Protein chains: 2
Amino acid sequence: MTRSDTDANFTPERKRGSGVKMVYDTLRDEILDLVLPPGSPVDEVQLAERFKLSRTPIREALVRLAGEGLIDTLPNRSTMVSNIDFLNLHTYFDALVLMYRVTARLAAEHHRTEDLEVIRARQAEFKAAVEAQDALAMIATNAAFHSAIAEAGRNSYFTGLFNRLLDEGRRILRLYYQSYEDRLPQRFVDEHEEMIAAIAARDLETADRLARTHAEQIVDQIRTLFARKGRLNISL
Amino acid sequence: MTRSDTDANFTPERKRGSGVKMVYDTLRDEILDLVLPPGSPVDEVQLAERFKLSRTPIREALVRLAGEGLIDTLPNRSTMVSNIDFLNLHTYFDALVLMYRVTARLAAEHHRTEDLEVIRARQAEFKAAVEAQDALAMIATNAAFHSAIAEAGRNSYFTGLFNRLLDEGRRILRLYYQSYEDRLPQRFVDEHEEMIAAIAARDLETADRLARTHAEQIVDQIRTLFARKGRLNISL
DNA sequence: ACGCGGAATTCTGTCGACAAATAAAATACA
DNA sequence: TGTATTTTATTTGTCGACAGAATTCCGCGT
């Protein structure tokens with residue numbers, strides 16, 4: 001389905017305001033899923049004829065993507081998919097660990113019963129993705145799981161910041177989960193279960209600690225993955 | 001100068017890509033400084049003839065502002081300056097306190113000597129603004145001071161998040177500092193000095209604690225201010 | 001052969017205009 | 001007089017086109 005959406009969307013007539021959202025969502029997914037690798041040139045007229053639209057809505061979508069830092073646009077010059085800053089990865093990981101902790105802690109403090117149902121549903125989806133060994137689905141469901149925890153924390157600023165952070169790191173996580181394509185990290189599923197239990201028990205400290213170890217473990221594995229890869233090919 | 005910029009900018013010829021940035025910066029400042037109060041309608045053609053531009057660059061600026069949540073745009077309908085969410089103010093304050101703490105702690109850990117010079121310079125500007133009893137300057141210099149601390153933390157994600165948060169709260173702080181127009185909170189200047197000392201001494205815990213009390217104190221005062229105001233006029 | 005300068009091309013930024021969609025106004029009807 | 005329906009009007013979303021900027025290519029000169 002995703003495949004047929006991207007290349008051959010032959011919808012002769014679209015609803016009035018849906019063009020930009022369509023282009024925005026499509027390009028966003030393609031960038032975050034590394035279909036458009038970092039550094040790829042983004043040509044407006046090319047996109048215009050691809051989506052059968054004028055350049056105006058294309059530009060609007062590009063402006064929004066630029067606002068999220070997904071594309072870099074040189075004034076009066078070419079615009080390209082933004083590069084992943086591998087040098088400052090640790091800053092991203094620090095931020096991610098902190099947000100994992102804060103959201104888990106707040107969820108333990110402020111969640112309601114209906115929140116737990118949503119979280120458990122997301123966890124079930126994540127578990128299914130892990131068992132199916134579907135890397136892309138693991139990324140999405142894992143993000144949705146932690147996003148649901150953030151929602152349960154009932155702080156729109158943190159959820160916004162956290163979702164933003166998860167999106168920004170989606171390309172990194174994409175590389176990370178790719179390396180797991182064969183073996184399945186069942187451990188993550190178990191750790192998620194523990195976090196749910198701590199949140200349900202309103203145990204702030206345990207939720208915080210679990211989120212911290214969970215996050216730091218992932219960060220360590222990503223680090224070793226990149227260290228391994230870095231010796232082979234520095235490029236990208 | 002600000003006044004003459006807003007209404008009568010009769011520059012006959014602008015450089016090619018500077019139009020959107022001009023409109024964006026101007027509108028952004030007007031929104032954050034409450035010149036355009038929340039709920040104000042934003043008319044494209046009105047702005048177009050005000051800035052002597054076509055609707056296209058105006059729209060681009062509006063898209064970027066919408067991306068930052070400063071304006072809300074109803075599809076196919078009017079677009080207006082976004083309202084301040086007074087009901088969920090505590091979520092903003094929680095996020096602000098956390099970022100104050102994190103940035104101060106990181107600054108104490110990672111700062112270099114040249115960072116301290118910048119921080120002290122910002123503090124001097126803040127002190128001057130307080131002594132001059134200039135509310136707008138106090139907002140700007142206070143934000144610049146804490147932003148400089150965040151920069152010294154050497155984590156681009158946190159600085160980005162923090163600056164974003166400071167911007168989002170600029171309208172709230174605008175209301176807050178307005179209430180101080182007469183008496184001057186010399187205490188804040190002293191607390192800033194203490195924070196600088198803790199950061200310079202690389203005392204993480206003290207920097208964290210000072211940032212926390214500093215932030216929470218401001219939050220409390222804003223709370224009481226709004227509680228006082230809330231009894232008088234609920235509107236706005 | 002190599003560097004410099006100008007022409008051509010390509011892409012972006014801006015413009016004016018048209019069409020769809022919604023809100024407001026006016027009219028018809030009970 | 002109040003309500004429903006049509007008409008008008010305002011505003012947004014989209015389009016095609018033009019002009020400015022910058023890269024590229026090509027020819028010229030040393």
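Side chains are part of it too, since the values below use all heavy atoms of this structure and drop only hydrogens, waters and symmetry mates. Residue numbers start from 1 in every chain, and the chains themselves are labelled A, B, ... in the order their sequence lines are given, proteins ahead of strands. In this text the structure is predicted, and so the values were computed from the model without any measurement.
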Under 3.5 Å between N/O atoms: give me all the protein pairs with nucleotides 7-9 of chain D, atom names plus distance.
none

For nucleotides 6-8 of chain C, give me every protein contact, N/O to N/O, under 3.5 Å, one pair per line with atom names.
none

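Applying the side chain to side chain contact (heavy atoms under 4.5 Å, CB included) criterion to B:Ala66, with sequence neighbours excluded, gives B:Ile71, B:Thr73. The salt bridge (Lys or Arg N to Asp or Glu O under 4.0 Å) test applied to A:Asp33 returns A:Arg170, not counting sequence neighbours. Applying the side chain to side chain contact (heavy atoms under 4.5 Å, CB included) test to A:Ser156 and every residue at least two apart in sequence or in another chain returns A:Thr159, B:Thr91. Applying the salt bridge (Lys or Arg N to Asp or Glu O under 4.0 Å) criterion to B:Arg101, with sequence neighbours excluded, gives B:Asp208. Remark: B:Asp85 pairs with B:Leu87, B:Asn88 by the side chain to side chain contact (heavy atoms under 4.5 Å, CB included) rule, at least two apart or across chains. When the side chain to side chain contact (heavy atoms under 4.5 Å, CB included) test is applied to B:Arg64, the partners found at least two apart in sequence or on another chain are A:Val63, B:Tyr24. Under the rule for a salt bridge (Lys or Arg N to Asp or Glu O under 4.0 Å), B:Asp94 has no partner lying at least two apart in sequence or in another chain.
Here B:Thr79 lies in heavy-atom contact (under 4.0 Å) with sugar-phosphate atoms only.
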Show every donor-acceptor pair shorter than 3.5 Å between a side-chain atom in residues 116-125 of chain A and any protein atom, with sequence neighbours excluded, or say none if there are none.
| unit_1 | atom_1 | unit_2 | atom_2 | d |
| --- | --- | --- | --- | --- |
| A:Arg122 | NH1 | A:Glu125 | OE2 | 3.3 |
| A:Gln123 | OE1 | A:His192 | ND1 | 3.0 |
| A:Gln123 | NE2 | A:Val189 | O | 3.1 |
| A:Gln123 | NE2 | A:Glu193 | OE2 | 3.1 |

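Here C:dC11 presents its C1' atom at 13 Å from CE of A:Met80, a figure rounded to the nearest Å. B:Leu74 has its CG atom 16 Å from the C1' atom of D:dT10, to the nearest Å. Rounded to an integer number of Å, the gap from B:Lys52 NZ to C:dC15 P is 12 Å. Rounded to an integer number of Å, the gap from A:Asp72 CG to C:dT12 P is 14 Å. For A:Ile71 and C:dT12, the CD1 to P distance is 10 Å, given to the nearest whole Å. When the P atom of D:dT11 is taken as reference, atom CG of B:Leu47 falls 12 Å away, rounded to whole Å. Summarising the geometry, the separation between CD on A:Glu44 and C1' on D:dA17 is reported as 15 Å, rounded to the nearest angstrom. Atom OH of A:Tyr24 is separated from atom P of D:dG13 by 16 Å (rounded to the nearest Å).
Side-chain atoms of B:Ser147 and B:Asn163 include a donor-acceptor pair closer than 3.5 Å.
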Protein heavy-atom contacts under 4.0 Å, written 5' to 3' over nucleotides 18-23 of chain D as B (base), S (sugar-phosphate only) or - (none), form the string -BBSSS
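Side-chain atoms of A:Ser82 come within 3.5 Å of backbone N or O of A:Leu70 as a donor-acceptor pair. A distance-only check finds no donor-acceptor pair linking the side chain of B:Asp25 to the backbone of B:Met22 [under 3.5 Å].
Shown here is A:Gln46, whose CD atom has no more than 12 heavy atoms of other residues, nucleotides or ligands within 6.0 Å.
With salt bridges taken as basic N to acidic carboxylate O contacts below 4.0 Å, one links B:Arg28 and B:Glu68.
Within residues 56-66 of chain B, the residues approaching DNA chain C are B:Thr56, B:Pro57, by heavy-atom distance under 4.0 Å.
The distance between the ring centers of B:Phe126 and B:Phe145 does not fall below 6.0 angstrom.
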